[in-house]
Asks: 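Dropping the structure in here first, questions after.
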Protein chains: 2
Amino acid sequence: MPRVGLDLSKIIQAAAKIVDEQGVEAITLAAIARDLSVKPPSLFNHVQGLSQIKRELSLIGVKMLYDTMQPASDGKLGDEAIFALANAYLQFTRDHPGLYEFTIALPHPKDEEIEKEGNKIIALITEALRNYQLSEENAIHAVRGLRSILHGFSSLEQKGGFGMPLRKEESLNLVIKAFLTGLDQIK
Amino acid sequence: MPRVGLDLSKIIQAAAKIVDEQGVEAITLAAIARDLSVKPPSLFNHVQGLSQIKRELSLIGVKMLYDTMQPASDGKLGDEAIFALANAYLQFTRDHPGLYEFTIALPHPKDEEIEKEGNKIIALITEALRNYQLSEENAIHAVRGLRSILHGFSSLEQKGGFGMPLRKEESLNLVIKAFLTGLDQIK
DNA sequence: TCACTATAACTAATGGTATTAGTTTATGCA
DNA sequence: TGCATAAACTAATACCATTAGTTATAGTGA
(Lines give C-alpha, C1' and ligand atoms only; values in the text may rest on other atoms or scores of the structure.)
Protein backbone atom coordinates (compact mmCIF):
# COMPACT_ATOMS: atom_id res chain seq x y z
CA MET A 1 0.00 0.00 0.00
CA PRO A 2 2.35 2.73 -1.15
CA ARG A 3 1.07 6.06 0.06
CA VAL A 4 0.64 8.53 -2.76
CA GLY A 5 0.50 11.60 -0.54
CA LEU A 6 -2.91 12.79 -1.62
CA ASP A 7 -4.41 15.97 -0.30
CA LEU A 8 -7.34 18.22 -1.12
CA SER A 9 -5.25 20.45 -3.34
CA LYS A 10 -3.95 17.61 -5.51
CA ILE A 11 -7.46 16.25 -5.91
CA ILE A 12 -8.84 19.61 -6.98
CA GLN A 13 -5.95 20.16 -9.38
CA ALA A 14 -6.63 16.80 -11.00
CA ALA A 15 -10.34 17.60 -11.16
CA ALA A 16 -9.63 20.99 -12.73
CA LYS A 17 -7.43 19.39 -15.38
CA ILE A 18 -10.18 16.93 -16.25
CA VAL A 19 -12.95 19.50 -16.59
CA ASP A 20 -10.80 21.83 -18.67
CA GLU A 21 -9.57 19.09 -20.99
CA GLN A 22 -12.62 16.85 -21.21
CA GLY A 23 -15.57 18.98 -20.19
CA VAL A 24 -17.68 19.25 -17.08
CA GLU A 25 -19.54 16.00 -17.84
CA ALA A 26 -16.29 14.08 -17.47
CA ILE A 27 -15.84 14.91 -13.81
CA THR A 28 -16.31 11.72 -11.80
CA LEU A 29 -14.59 10.38 -8.71
CA ALA A 30 -13.55 7.40 -10.80
CA ALA A 31 -11.83 9.63 -13.37
CA ILE A 32 -10.07 11.67 -10.70
CA ALA A 33 -8.94 8.50 -8.93
CA ARG A 34 -7.61 7.06 -12.17
CA ASP A 35 -5.67 10.24 -12.85
CA LEU A 36 -4.11 10.07 -9.40
CA SER A 37 -3.42 6.31 -9.58
CA VAL A 38 -5.65 5.62 -6.62
CA LYS A 39 -8.91 3.80 -5.96
CA PRO A 40 -12.05 5.95 -5.67
CA PRO A 41 -12.70 5.32 -1.95
CA SER A 42 -9.26 6.72 -1.12
CA LEU A 43 -10.48 10.15 -2.14
CA PHE A 44 -12.91 10.13 0.78
CA ASN A 45 -10.02 10.47 3.20
CA HIS A 46 -9.56 14.02 1.92
CA VAL A 47 -12.90 15.07 0.49
CA GLN A 48 -16.55 14.72 1.48
CA GLY A 49 -17.64 13.54 -1.95
CA LEU A 50 -18.17 14.64 -5.51
CA SER A 51 -20.32 17.58 -4.52
CA GLN A 52 -17.55 19.06 -2.41
CA ILE A 53 -15.16 18.71 -5.32
CA LYS A 54 -17.56 20.60 -7.55
CA ARG A 55 -17.93 23.27 -4.94
CA GLU A 56 -14.15 23.64 -4.71
CA LEU A 57 -13.95 23.88 -8.49
CA SER A 58 -16.43 26.76 -8.39
CA LEU A 59 -14.36 28.46 -5.73
CA ILE A 60 -10.98 28.21 -7.44
CA GLY A 61 -12.66 29.07 -10.73
CA VAL A 62 -13.99 32.35 -9.38
CA LYS A 63 -10.68 33.08 -7.69
CA MET A 64 -8.67 32.40 -10.82
CA LEU A 65 -11.04 34.50 -12.91
CA TYR A 66 -10.58 37.39 -10.51
CA ASP A 67 -6.80 36.92 -10.54
CA THR A 68 -6.90 37.09 -14.32
CA MET A 69 -9.10 40.16 -14.49
CA GLN A 70 -7.64 42.24 -11.68
CA PRO A 71 -4.16 42.84 -13.17
CA ALA A 72 -5.70 43.45 -16.59
CA SER A 73 -7.68 46.49 -15.51
CA ASP A 74 -5.27 47.71 -12.85
CA GLY A 75 -4.44 51.36 -13.36
CA LYS A 76 -6.86 51.77 -16.24
CA LEU A 77 -10.13 53.68 -16.37
CA GLY A 78 -13.18 53.93 -18.57
CA ASP A 79 -13.30 52.21 -21.95
CA GLU A 80 -9.73 51.07 -21.66
CA ALA A 81 -10.41 49.31 -18.37
CA ILE A 82 -13.59 47.72 -19.68
CA PHE A 83 -11.95 46.33 -22.80
CA ALA A 84 -9.04 45.04 -20.76
CA LEU A 85 -11.45 43.25 -18.44
CA ALA A 86 -13.37 41.83 -21.37
CA ASN A 87 -10.26 40.47 -23.04
CA ALA A 88 -9.05 38.91 -19.82
CA TYR A 89 -12.46 37.37 -19.23
CA LEU A 90 -12.63 35.90 -22.71
CA GLN A 91 -9.11 34.57 -22.45
CA PHE A 92 -9.93 32.87 -19.16
CA THR A 93 -12.96 31.14 -20.60
CA ARG A 94 -10.82 29.87 -23.46
CA ASP A 95 -7.99 28.68 -21.24
CA HIS A 96 -10.28 27.13 -18.63
CA PRO A 97 -13.61 26.26 -20.22
CA GLY A 98 -14.49 23.66 -17.60
CA LEU A 99 -13.51 25.74 -14.61
CA TYR A 100 -15.39 28.67 -16.12
CA GLU A 101 -18.60 26.67 -16.30
CA PHE A 102 -18.27 25.97 -12.61
CA THR A 103 -18.00 29.67 -11.84
CA ILE A 104 -21.51 30.08 -13.28
CA ALA A 105 -23.15 26.84 -12.14
CA LEU A 106 -23.10 27.56 -8.45
CA PRO A 107 -23.63 24.67 -6.04
CA HIS A 108 -25.80 25.99 -3.27
CA PRO A 109 -27.00 29.47 -4.21
CA LYS A 110 -25.77 30.66 -0.85
CA ASP A 111 -22.13 29.77 -0.49
CA GLU A 112 -20.70 32.74 1.32
CA GLU A 113 -17.07 32.12 0.44
CA ILE A 114 -17.78 31.84 -3.28
CA GLU A 115 -20.14 34.80 -3.12
CA LYS A 116 -17.41 36.88 -1.51
CA GLU A 117 -15.01 36.10 -4.32
CA GLY A 118 -17.70 36.77 -6.89
CA ASN A 119 -18.34 40.16 -5.36
CA LYS A 120 -14.71 41.06 -5.94
CA ILE A 121 -15.24 40.56 -9.65
CA ILE A 122 -18.37 42.68 -9.57
CA ALA A 123 -16.45 45.37 -7.70
CA LEU A 124 -13.82 45.31 -10.41
CA ILE A 125 -16.40 45.93 -13.11
CA THR A 126 -18.17 48.55 -11.02
CA GLU A 127 -14.89 50.36 -10.50
CA ALA A 128 -14.11 50.32 -14.21
CA LEU A 129 -17.49 51.90 -14.89
CA ARG A 130 -16.96 54.58 -12.27
CA ASN A 131 -16.20 57.51 -14.54
CA TYR A 132 -19.34 57.00 -16.60
CA GLN A 133 -21.21 59.11 -14.07
CA LEU A 134 -24.07 56.66 -13.72
CA SER A 135 -26.73 56.90 -11.06
CA GLU A 136 -26.44 54.25 -8.39
CA GLU A 137 -29.31 52.36 -9.91
CA ASN A 138 -28.07 52.62 -13.45
CA ALA A 139 -24.65 51.48 -12.34
CA ILE A 140 -26.21 48.24 -11.16
CA HIS A 141 -28.03 47.84 -14.46
CA ALA A 142 -24.82 48.56 -16.34
CA VAL A 143 -22.81 45.99 -14.40
CA ARG A 144 -25.49 43.42 -15.04
CA GLY A 145 -25.40 44.35 -18.70
CA LEU A 146 -21.68 43.99 -19.00
CA ARG A 147 -21.72 40.69 -17.17
CA SER A 148 -24.47 39.48 -19.48
CA ILE A 149 -22.43 40.41 -22.53
CA LEU A 150 -19.27 38.79 -21.22
CA HIS A 151 -20.93 35.61 -20.06
CA GLY A 152 -23.27 35.33 -23.01
CA PHE A 153 -20.54 35.80 -25.56
CA SER A 154 -18.12 33.42 -23.86
CA SER A 155 -20.76 30.81 -23.28
CA LEU A 156 -22.04 30.87 -26.85
CA GLU A 157 -18.50 30.69 -28.17
CA GLN A 158 -17.73 27.72 -25.89
CA LYS A 159 -20.83 25.87 -27.01
CA GLY A 160 -20.00 26.44 -30.66
CA GLY A 161 -22.88 28.85 -31.07
CA PHE A 162 -21.10 31.11 -33.55
CA GLY A 163 -20.99 29.43 -36.91
CA MET A 164 -19.46 32.11 -39.07
CA PRO A 165 -15.70 32.33 -39.45
CA LEU A 166 -15.83 36.11 -38.98
CA ARG A 167 -13.43 37.17 -36.26
CA LYS A 168 -15.10 36.70 -32.96
CA GLU A 169 -12.99 39.10 -30.89
CA GLU A 170 -14.16 41.78 -33.30
CA SER A 171 -17.77 40.89 -32.48
CA LEU A 172 -17.22 41.17 -28.76
CA ASN A 173 -15.46 44.48 -29.16
CA LEU A 174 -18.29 45.85 -31.25
CA VAL A 175 -20.98 44.83 -28.76
CA ILE A 176 -19.11 46.41 -25.92
CA LYS A 177 -18.31 49.51 -27.93
CA ALA A 178 -21.96 49.94 -28.83
CA PHE A 179 -23.06 49.26 -25.26
CA LEU A 180 -20.64 51.80 -23.82
CA THR A 181 -21.50 54.40 -26.41
CA GLY A 182 -25.17 53.97 -25.68
CA LEU A 183 -24.53 54.02 -21.97
CA ASP A 184 -22.98 57.46 -22.25
CA GLN A 185 -26.19 58.83 -23.69
CA ILE A 186 -28.59 57.29 -21.26
CA LYS A 187 -27.16 58.52 -17.99
CA MET B 1 -48.23 -6.68 -18.84
CA PRO B 2 -50.67 -3.86 -19.52
CA ARG B 3 -49.51 -1.83 -22.49
CA VAL B 4 -49.15 1.82 -21.65
CA GLY B 5 -49.06 3.03 -25.23
CA LEU B 6 -45.68 4.69 -25.08
CA ASP B 7 -44.26 6.55 -28.01
CA LEU B 8 -41.39 8.91 -28.69
CA SER B 9 -43.53 11.97 -28.14
CA LYS B 10 -44.76 10.90 -24.71
CA ILE B 11 -41.23 10.10 -23.63
CA ILE B 12 -39.92 13.49 -24.73
CA GLN B 13 -42.83 15.27 -23.05
CA ALA B 14 -42.08 13.50 -19.79
CA ALA B 15 -38.38 14.31 -20.17
CA ALA B 16 -39.19 17.97 -20.84
CA LYS B 17 -41.34 18.16 -17.74
CA ILE B 18 -38.55 16.72 -15.63
CA VAL B 19 -35.83 19.07 -16.89
CA ASP B 20 -38.06 22.12 -16.51
CA GLU B 21 -39.22 21.20 -13.02
CA GLN B 22 -36.12 19.58 -11.57
CA GLY B 23 -33.23 20.79 -13.71
CA VAL B 24 -31.10 19.24 -16.40
CA GLU B 25 -29.17 17.10 -13.92
CA ALA B 26 -32.36 15.23 -13.06
CA ILE B 27 -32.83 13.78 -16.52
CA THR B 28 -32.28 10.02 -16.31
CA LEU B 29 -33.96 7.11 -18.02
CA ALA B 30 -34.95 5.87 -14.58
CA ALA B 31 -36.73 9.15 -13.78
CA ILE B 32 -38.53 9.23 -17.11
CA ALA B 33 -39.59 5.60 -16.71
CA ARG B 34 -40.90 6.28 -13.21
CA ASP B 35 -42.91 9.22 -14.48
CA LEU B 36 -44.46 7.04 -17.18
CA SER B 37 -45.06 4.07 -14.84
CA VAL B 38 -42.81 1.84 -16.88
CA LYS B 39 -39.50 0.03 -16.40
CA PRO B 40 -36.41 1.68 -17.90
CA PRO B 41 -35.73 -0.99 -20.57
CA SER B 42 -39.19 -0.40 -22.04
CA LEU B 43 -38.05 3.00 -23.20
CA PHE B 44 -35.60 1.36 -25.58
CA ASN B 45 -38.49 0.16 -27.72
CA HIS B 46 -39.04 3.78 -28.73
CA VAL B 47 -35.74 5.54 -28.21
CA GLN B 48 -32.08 4.75 -28.85
CA GLY B 49 -30.98 5.79 -25.40
CA LEU B 50 -30.49 8.78 -23.14
CA SER B 51 -28.37 10.64 -25.69
CA GLN B 52 -31.18 10.59 -28.23
CA ILE B 53 -33.58 11.93 -25.64
CA LYS B 54 -31.22 14.81 -24.93
CA ARG B 55 -30.92 15.47 -28.63
CA GLU B 56 -34.71 15.56 -28.98
CA LEU B 57 -34.93 17.97 -26.04
CA SER B 58 -32.52 20.30 -27.82
CA LEU B 59 -34.63 20.10 -30.95
CA ILE B 60 -38.00 20.80 -29.36
CA GLY B 61 -36.36 23.46 -27.20
CA VAL B 62 -35.11 25.36 -30.23
CA LYS B 63 -38.44 24.90 -31.99
CA MET B 64 -40.43 26.12 -29.00
CA LEU B 65 -38.12 29.09 -28.56
CA TYR B 66 -38.65 30.04 -32.19
CA ASP B 67 -42.41 29.58 -31.85
CA THR B 68 -42.33 31.92 -28.87
CA MET B 69 -40.22 34.57 -30.55
CA GLN B 70 -41.73 34.59 -34.02
CA PRO B 71 -45.23 35.86 -33.12
CA ALA B 72 -43.72 38.37 -30.71
CA SER B 73 -41.80 40.27 -33.38
CA ASP B 74 -44.23 39.65 -36.21
CA GLY B 75 -45.18 42.89 -37.92
CA LYS B 76 -42.78 44.96 -35.84
CA LEU B 77 -39.57 46.67 -36.89
CA GLY B 78 -36.52 48.23 -35.26
CA ASP B 79 -36.38 48.82 -31.53
CA GLU B 80 -39.93 47.62 -31.05
CA ALA B 81 -39.18 44.29 -32.71
CA ILE B 82 -35.96 43.85 -30.76
CA PHE B 83 -37.59 44.49 -27.39
CA ALA B 84 -40.44 42.19 -28.27
CA LEU B 85 -37.97 39.45 -29.15
CA ALA B 86 -36.04 40.04 -25.95
CA ASN B 87 -39.12 39.83 -23.77
CA ALA B 88 -40.27 36.64 -25.47
CA TYR B 89 -36.80 35.14 -25.10
CA LEU B 90 -36.62 35.97 -21.41
CA GLN B 91 -40.11 34.64 -20.80
CA PHE B 92 -39.22 31.37 -22.50
CA THR B 93 -36.14 30.87 -20.35
CA ARG B 94 -38.28 31.46 -17.28
CA ASP B 95 -41.06 29.12 -18.36
CA HIS B 96 -38.71 26.41 -19.61
CA PRO B 97 -35.36 26.70 -17.86
CA GLY B 98 -34.39 23.10 -18.50
CA LEU B 99 -35.42 23.03 -22.12
CA TYR B 100 -33.63 26.31 -22.63
CA GLU B 101 -30.37 24.87 -21.35
CA PHE B 102 -30.65 22.15 -23.93
CA THR B 103 -31.03 24.71 -26.70
CA ILE B 104 -27.54 25.96 -25.81
CA ALA B 105 -25.81 22.70 -24.89
CA LEU B 106 -25.88 21.14 -28.32
CA PRO B 107 -25.27 17.40 -28.61
CA HIS B 108 -23.13 16.91 -31.66
CA PRO B 109 -22.03 20.32 -32.92
CA LYS B 110 -23.26 19.29 -36.34
CA ASP B 111 -26.89 18.28 -36.07
CA GLU B 112 -28.39 19.61 -39.27
CA GLU B 113 -32.00 19.55 -38.13
CA ILE B 114 -31.28 21.50 -34.95
CA GLU B 115 -28.99 23.86 -36.80
CA LYS B 116 -31.76 24.56 -39.31
CA GLU B 117 -34.16 25.51 -36.51
CA GLY B 118 -31.49 27.61 -34.86
CA ASN B 119 -30.93 29.49 -38.07
CA LYS B 120 -34.60 30.47 -38.10
CA ILE B 121 -34.07 32.23 -34.78
CA ILE B 122 -30.99 33.99 -36.10
CA ALA B 123 -32.96 35.04 -39.16
CA LEU B 124 -35.61 36.51 -36.90
CA ILE B 125 -33.06 38.64 -35.10
CA THR B 126 -31.35 39.60 -38.32
CA GLU B 127 -34.68 40.70 -39.76
CA ALA B 128 -35.48 42.79 -36.71
CA LEU B 129 -32.15 44.55 -37.13
CA ARG B 130 -32.73 45.20 -40.80
CA ASN B 131 -33.60 48.89 -40.64
CA TYR B 132 -30.46 49.77 -38.70
CA GLN B 133 -28.62 50.04 -42.01
CA LEU B 134 -25.69 47.93 -40.90
CA SER B 135 -23.02 46.65 -43.24
CA GLU B 136 -23.23 42.93 -43.85
CA GLU B 137 -20.30 42.37 -41.55
CA ASN B 138 -21.59 44.60 -38.80
CA ALA B 139 -24.97 42.91 -39.02
CA ILE B 140 -23.29 39.64 -38.11
CA HIS B 141 -21.50 41.29 -35.21
CA ALA B 142 -24.75 42.88 -34.07
CA VAL B 143 -26.66 39.60 -34.14
CA ARG B 144 -23.91 37.95 -32.15
CA GLY B 145 -24.06 40.84 -29.72
CA LEU B 146 -27.77 40.62 -29.22
CA ARG B 147 -27.64 36.87 -28.80
CA SER B 148 -24.87 37.31 -26.24
CA ILE B 149 -26.95 39.79 -24.29
CA LEU B 150 -30.07 37.63 -24.36
CA HIS B 151 -28.31 34.40 -23.48
CA GLY B 152 -25.98 35.95 -20.94
CA PHE B 153 -28.74 37.74 -19.12
CA SER B 154 -31.09 34.76 -19.09
CA SER B 155 -28.38 32.36 -18.08
CA LEU B 156 -27.14 34.52 -15.22
CA GLU B 157 -30.68 35.04 -14.00
CA GLN B 158 -31.36 31.29 -14.12
CA LYS B 159 -28.21 30.52 -12.18
CA GLY B 160 -29.09 33.07 -9.54
CA GLY B 161 -26.27 35.35 -10.62
CA PHE B 162 -28.13 38.57 -9.90
CA GLY B 163 -28.24 39.14 -6.19
CA MET B 164 -29.87 42.53 -5.96
CA PRO B 165 -33.64 42.82 -5.77
CA LEU B 166 -33.60 45.65 -8.31
CA ARG B 167 -35.99 44.88 -11.13
CA LYS B 168 -34.29 42.62 -13.58
CA GLU B 169 -36.43 43.32 -16.63
CA GLU B 170 -35.35 46.92 -16.23
CA SER B 171 -31.72 45.82 -16.41
CA LEU B 172 -32.24 43.88 -19.60
CA ASN B 173 -34.10 46.77 -21.17
CA LEU B 174 -31.32 49.17 -20.30
CA VAL B 175 -28.58 46.97 -21.75
CA ILE B 176 -30.47 46.55 -24.97
CA LYS B 177 -31.38 50.20 -25.12
CA ALA B 178 -27.73 51.17 -24.68
CA PHE B 179 -26.60 48.59 -27.18
CA LEU B 180 -29.06 49.75 -29.82
CA THR B 181 -28.29 53.40 -29.23
CA GLY B 182 -24.61 52.71 -29.61
CA LEU B 183 -25.21 50.58 -32.65
CA ASP B 184 -26.88 53.51 -34.40
CA GLN B 185 -23.73 55.56 -34.04
CA ILE B 186 -21.27 52.95 -35.17
CA LYS B 187 -22.85 51.93 -38.46
C1' DT C 1 -64.33 -15.46 -34.54
C1' DC C 2 -59.84 -17.30 -34.36
C1' DA C 3 -55.12 -17.91 -35.20
C1' DC C 4 -50.76 -15.54 -36.07
C1' DT C 5 -47.38 -12.24 -36.18
C1' DA C 6 -45.19 -8.15 -34.69
C1' DT C 7 -43.74 -5.87 -30.98
C1' DA C 8 -44.59 -3.48 -26.30
C1' DA C 9 -43.23 -4.18 -21.96
C1' DC C 10 -41.06 -7.20 -19.11
C1' DT C 11 -37.13 -9.83 -16.17
C1' DA C 12 -32.37 -10.86 -15.77
C1' DA C 13 -27.79 -9.70 -16.30
C1' DT C 14 -23.52 -6.67 -17.11
C1' DG C 15 -20.69 -2.99 -16.21
C1' DG C 16 -20.25 1.65 -14.75
C1' DT C 17 -21.00 5.12 -11.05
C1' DA C 18 -20.88 7.11 -5.79
C1' DT C 19 -20.59 6.04 -1.28
C1' DT C 20 -20.06 3.48 3.35
C1' DA C 21 -17.98 0.08 6.39
C1' DG C 22 -14.38 -2.27 7.84
C1' DT C 23 -9.30 -3.82 7.11
C1' DT C 24 -4.39 -3.36 6.52
C1' DT C 25 -0.27 -1.06 6.97
C1' DA C 26 2.78 2.95 6.28
C1' DT C 27 4.48 6.85 8.66
C1' DG C 28 5.44 10.33 12.05
C1' DC C 29 6.11 11.03 16.80
C1' DA C 30 6.95 9.78 21.74
C1' DT D 1 11.87 1.19 18.90
C1' DG D 2 7.12 0.99 19.54
C1' DC D 3 2.53 2.93 18.83
C1' DA D 4 -1.27 5.61 17.37
C1' DT D 5 -3.08 8.05 13.49
C1' DA D 6 -4.83 7.91 9.33
C1' DA D 7 -3.93 6.82 4.22
C1' DA D 8 -5.13 3.65 1.05
C1' DC D 9 -7.22 -0.47 0.52
C1' DT D 10 -11.10 -4.42 -0.30
C1' DA D 11 -15.81 -5.59 0.00
C1' DA D 12 -20.39 -4.41 -0.22
C1' DT D 13 -24.67 -1.60 -1.34
C1' DA D 14 -27.43 1.01 -4.18
C1' DC D 15 -28.22 3.48 -8.17
C1' DC D 16 -27.60 4.24 -13.12
C1' DA D 17 -27.72 2.85 -18.61
C1' DT D 18 -27.86 -0.61 -21.61
C1' DT D 19 -28.34 -5.41 -23.85
C1' DA D 20 -30.31 -10.04 -24.30
C1' DG D 21 -33.83 -12.84 -24.07
C1' DT D 22 -38.91 -13.73 -22.47
C1' DT D 23 -43.91 -13.07 -22.22
C1' DA D 24 -48.09 -11.73 -23.76
C1' DT D 25 -50.97 -8.02 -25.93
C1' DA D 26 -53.07 -6.00 -29.91
C1' DG D 27 -53.85 -5.64 -34.47
C1' DT D 28 -54.08 -8.32 -38.92
C1' DG D 29 -55.81 -11.74 -42.29
C1' DA D 30 -58.53 -15.85 -42.86
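Letters A, B, ... mirror the listed sequences (proteins, then strands); counts begin at 1.
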Asks: Atom CG of L8(A) and atom P of dA8(D): how far apart are they, to the nearest Å?
Replies: 13 Å

Asks: Could you check how far CZ of R34(A) sits from C1' of dT17(C), rounded to whole Å?
Replies: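 The answer, rounded to whole Å, is 10 Å.
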
Asks: Is the number of heavy atoms from other residues, nucleotides or ligands under 6.0 Å of R130(B) CZ greater than 12?
Replies: no

Asks: Within a reach of under 6.0 Å around NZ of K116(A), are more than 12 heavy atoms found that belong to other residues, nucleotides or ligands?
Replies: no

Asks: How many whole angstroms separate atom CD1 of I11(A) from atom C1' of dA7(D)?
Replies: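 Spelled out: CD1 on I11(A) to C1' on dA7(D) is 11 Å.
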
Asks: Give the nucleotide from the list dT11(C), dT19(C), dA17(D) with an atom nearest to the side chain of P41(B).
Replies: dT11(C)

Asks: Rounded to whole angstrom units, what separation is found between the CG atom of L43(A) and the P atom of dT17(C)?
Replies: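 Distance, rounded to whole Å: 13 Å.
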
Asks: Are more than 12 heavy atoms from other residues, nucleotides or ligands located less than 6.0 Å from atom NZ of K39(B)?
Replies: no

Asks: Out of dA17(D), dT19(C), dC9(D), which nucleotide sits closest to the side chain of L29(A)?
Replies: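 When the side chain of L29(A) is considered, dT19(C) is the closest of dA17(D), dT19(C), dC9(D).
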
Asks: Restricting both atoms to N or O, compile the protein contacts to nucleotides 4-7 of chain C shorter than 3.5 Å, with distance only.
Replies:
| from | atom 1 | to | atom 2 | distance (Å) |
| --- | --- | --- | --- | --- |
| dT7(C) | O2 | R3(B) | NH2 | 3.2 |

Asks: Could you tell me if R144(B) sits above the aromatic ring of F162(A), with its cationic atom closer than 6.0 Å to the ring centre and no more than 45 degrees from the axis?
Replies: yes

Asks: In whole angstrom, give the distance that lies between atom NZ of K39(B) and atom P of dC15(D).
Replies: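 K39(B) atom NZ is separated from dC15(D) atom P by 13 Å.
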
Asks: For F44(A) and dT13(D), what is the distance between atoms CZ and P respectively, to the nearest whole Å?
Replies: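 Whole-Å distance recorded here is 17 Å.
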
Asks: One pair to check against salt bridge (Lys or Arg N to Asp or Glu O under 4.0 Å): K63(A) and E56(A). What are the steps and the verdict?
Replies: CA-CA 10 Å; K63(A) 280 185 176 172; E56(A) 300 295 332; over 6 Å; no

Asks: Considering non-hydrogen atoms only, spot the tightest contact between A14(B) and D35(B) and give its length.
Replies: CB-OD2, 3.6 Å

Asks: In this structure, how many angstroms lie between the C1' atom of dA17(D) and the CD atom of Q48(B), rounded?
Replies: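 Going from Q48(B) (CD) to dA17(D) (C1'), I get 14 Å.
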
Asks: Quick one: do I32(B) and I27(B) satisfy side chain to side chain contact (heavy atoms under 4.5 Å, CB included)? Show the steps, please.
Replies: CA-CA 7 Å; I32(B) 297 170; I27(B) 191 67; 3.7 Å; yes

Asks: Roughly, in whole Å, what's the span from NE2 in H46(B) to C1' in dC10(C)?
Replies: 12 Å

Asks: Under 4.0 Å between a side-chain N/O of S42(A) and OP1 or OP2 of dA7(D), yes or no?
Replies: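 The answer is no; no side-chain N or O of S42(A) sits under 4.0 Å from OP1 or OP2.
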
Asks: Starting at the 5' end of DNA chain C and moving along, which residue's nearest nucleotide shows up first, A30(A) or P40(B)?
Replies: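 Taking each residue's closest nucleotide, the earlier one in sequence belongs to P40(B).
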
